[in-house]
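If you're wondering where the values come from, they're calculated on a predicted model, not measured in any experiment.
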Amino acid sequence: MSLIHNERTKLTANALDRASTACLTVGALGPAVASLYGLGIAGAAAASHGVLIALGSVFWLAAAGVLHIMARSVLGRLI
């Protein structure tokens with residue numbers, strides 16, 4: 001029974017870590033790359049929009065960090 005529990009625990013931790021990677025990619029790296037190459041609204045943003053994009057990126061980076069820490073916590077429950 002503990003083998004099943006361990007595999008389910010690892011599956012949950014992996015799902016949380018994949019969600020953290022998605023948050024990092026979409027929320028932080030995506031706008032940074034768009035800004036770098038001048039693509040979309042992030043590339044043509046005014047200075048006030050740049051602050052909004054930076055705050056949004058910080059939010060998504062924090063969300064990614066929290067999800068990653070949650071995944072590590074879940075792995076601590078392995079038997």
Which atoms form the tightest heavy-atom contact between A71 and A13, and what is the distance?
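Looking at all heavy atoms of both residues, the closest pair is CB-O, 3.4 Å.
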
H5 and R77: which non-hydrogen atoms are nearest, and at how many Å?
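Closest pair (atom of H5, atom of R77, distance): CE1-O, 3.4 Å.
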
What residues join L24 in its hydrophobic cluster, counting side-chain heavy atom gaps under 4.5 Å, either direct or through other members?
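When side chains under 4.5 Å apart are linked, the cluster holding L24 also contains L29, L61.
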
Taking it one step at a time, do R8 and I4 satisfy side-chain contact (heavy atoms from CB on, under 4.5 Å)?
CA-CA 6 Å; R8 287 182 178 165; I4 294 170; 3.8 Å; yes

Please round to the nearest 0.5 Å and tell me the distance separating atom CG of N6 and atom CG of L75.
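Going from the CG atom of N6 to the CG atom of L75 covers 10.0 Å.
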
Return the CD to CG distance between E7 and L78, rounded to the nearest 0.5 Å.
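Result: 9.0 Å between the selected atoms.
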
Of all residues at least two apart in sequence or in a different chain, which pass the side chain to side chain donor-acceptor pair (under 3.5 Å) check with S20?
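For S20, the residues satisfying side chain to side chain donor-acceptor pair (under 3.5 Å) (neighbours in sequence not counted) are D17.
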
Do L16 and R72 pass the side-chain contact (heavy atoms from CB on, under 4.5 Å) test, and can you show the C-alpha distance, the side-chain angles, and the key distance before you say yes or no?
CA-CA 9 Å; L16 286 169; R72 291 180 60 94; over 6 Å; no

